[in-house]
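Here the structure is laid out as structure tokens; the discussion comes afterwards.
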Amino acid sequence: EKKQRYGKWFTASYSLLILLLIITAFGQLSYHYRDQLYAHFPASRVPLFKACQLLKCQIRLLAEKGAVTKESQELVLLSSNPQILTLSVMLQNRSNTVQAWPMIELVLMDNRKKTLLQRVFTPQEYLINKKEVGLGIGANTKKNIDINFELGIPKAASYEVKLFYP
């Protein structure tokens, strides 16, 4: 009878411990993958947001490599001032989730493909509506970006545009 009593207590204790371990593991996974959960499961947004307020963490937009691509690009000299250029880039989010805005890198080169100028534009620089920075680029959407900048070097022969996340 003593063995049965201790056996039931032992089983109940282990069951409770296992339940606590499962809950803790679920909490850790939720914390670690909070950005993905927020993006893929809209019903989880309110609880995740409240939990992050409590834990003082941040939920960031996804920045999946290859999700946001450039569909087209064009570099145009303004006729009124040959030192001012406009870079037009058509960005497309090919993902089913909202993505963070990428950095846009422009490299201007001479005839020998030597770099004359390398410049990185942040979303805060190229988006006209600054509220869009925190909202990201919508799922399966396109956005045309026009960036005006001054050229302080001799005329470039070619250019290259790359997208990346820091």
Apply side chain to side chain contact (heavy atoms under 4.5 Å, CB included) to Glu105 and Gln118, showing your working. CA-CA 7 Å; Glu105 179 184 34; Gln118 183 175 8; 2.2 Å; yes

Contact check, side chains of Gln99 and Tyr165, non-hydrogen atoms, under 4.5 Å: yes

Can you tell me how far apart CD (Gln73) and OG (Ser88) are? Round to the nearest 0.5 Å. 10.5 Å

To check you understand the geometry: which heavy-atom pair defines the closest contact between Pro123 and Pro102, and what is its length? CG-O, 3.8 Å

Heavy-atom count check: over 12 atoms from other residues, nucleotides or ligands less than 6.0 Å from Gln58 CD? no

With Asn140, which of Asn96, Asn93, Thr97 fulfils side chain to side chain donor-acceptor pair (under 3.5 Å)? Asn96

side-chain contact (heavy atoms from CB on, under 4.5 Å) with Leu19: of Leu17, Ile23, Leu21, only one passes, and it is Ile23

Run Cys57 and Arg34 through side chain to side chain contact (heavy atoms under 4.5 Å, CB included) and show every step you take. CA-CA 10 Å; Cys57 63; Arg34 65 188 177 275; 3.8 Å; yes

Compare all side-chain heavy atoms of Gln36 with those of Tyr33 and state whether any distance is below 4.5 angstrom. yes

Aromatic Phe49 / basic Arg45 pairing, under 6.0 angstrom, 45° off normal: no

Student check: side-chain heavy atoms of Leu127 and Ile145 closer than 4.5 Å: yes

With the 4.5 Å side-chain cut-off for hydrophobic clustering, are Leu116 and Met109 part of the same group? no

Should we count CG of Asn111 as having more than 12 external heavy atoms under 6.0 Å? no

Heavy atoms, side chains only, cut-off 4.5 Å: are Lys113 and Ser158 in contact? yes

Is any side-chain heavy atom of Leu37 closer than 4.5 Å to a side-chain heavy atom of Ser30? yes

Ignoring hydrogens, what is the shortest heavy-atom contact between Ile137 and Lys143? Give both atom names and the distance. CD1-CB, 4.2 Å

Same apolar cluster (I L V M F W Y, side chains within < 4.5 Å links), Leu163/Leu87: yes

Measure the acute angle between the ring planes of Tyr126 and Trp101, then classify it against the limits of 30° and 60° as parallel, tilted or perpendicular. perpendicular

Flag yes if Ile147 and Leu117 sit in one hydrophobic cluster, no otherwise; membership is Ile, Leu, Val, Met, Phe, Trp, Tyr, and two members link when side-chain heavy atoms are under 4.5 Å apart. yes

Report the C-alpha distance between Glu71 and Arg94 in whole Å, list the side-chain angles of each, state the deciding distance to 0.1 Å, and finish with yes or no for salt bridge (Lys or Arg N to Asp or Glu O under 4.0 Å). CA-CA 11 Å; Glu71 291 300 301; Arg94 296 178 178 273; 2.6 Å; yes

Should Val76 and Ile128 be counted in the same cluster of Ile, Leu, Val, Met, Phe, Trp and Tyr side chains packed under 4.5 Å apart? no

In sequence, state the C-alpha distance, the side-chain angles, and the governing distance for Arg119 and Glu125, and then conclude on salt bridge (Lys or Arg N to Asp or Glu O under 4.0 Å). CA-CA 12 Å; Arg119 172 85 195 274; Glu125 291 176 293; 2.7 Å; yes

Let me see the working for Asn148 and Thr86 under side chain to side chain donor-acceptor pair (under 3.5 Å), right down to the final yes or no. CA-CA 4 Å; Asn148 296 317; Thr86 299; 2.5 Å; yes

Closest non-hydrogen atom pair between Leu61 and Gly134, with its separation: CD1-O, 3.4 Å

Val68 reachable from Val133 in the ILVMFWY side-chain graph, under 4.5 Å edges: yes

Distance (rounded to the nearest 0.5 Å) between Leu108 CG and Lys114 NZ: 14.0 Å

I need the Leu55 CG to Lys50 NZ distance, nearest 0.5 Å. 14.0 Å

What distance separates Tyr159 OH from Leu75 CG, expressed to the nearest 0.5 Å? 5.5 Å

Going through the checks in order, is the side chain to side chain contact (heavy atoms under 4.5 Å, CB included) test met by Phe41 and Leu48? CA-CA 10 Å; Phe41 302 105; Leu48 280 172; over 6 Å; no

Say you draw a straight line from OG of Ser15 to CG of Leu20; how long is it, rounded to the nearest 0.5 Å? 11.0 Å

Please step through side chain to side chain contact (heavy atoms under 4.5 Å, CB included) for the pair Val161 and Ile104, ending with a clear verdict. CA-CA 7 Å; Val161 176; Ile104 298 176; 3.9 Å; yes

With side chains defined as the heavy atoms from C-beta onward, is the minimum distance between Phe121 and Leu106 less than 4.5 Å? yes

Can a salt bridge be assigned to the pair Glu132 and Lys130 using a cut-off of 4.0 Å between side-chain N and carboxylate O? no

Does Asp35 use its side chain to pair, donor to acceptor, with the backbone of Leu62 at less than 3.5 Å? no

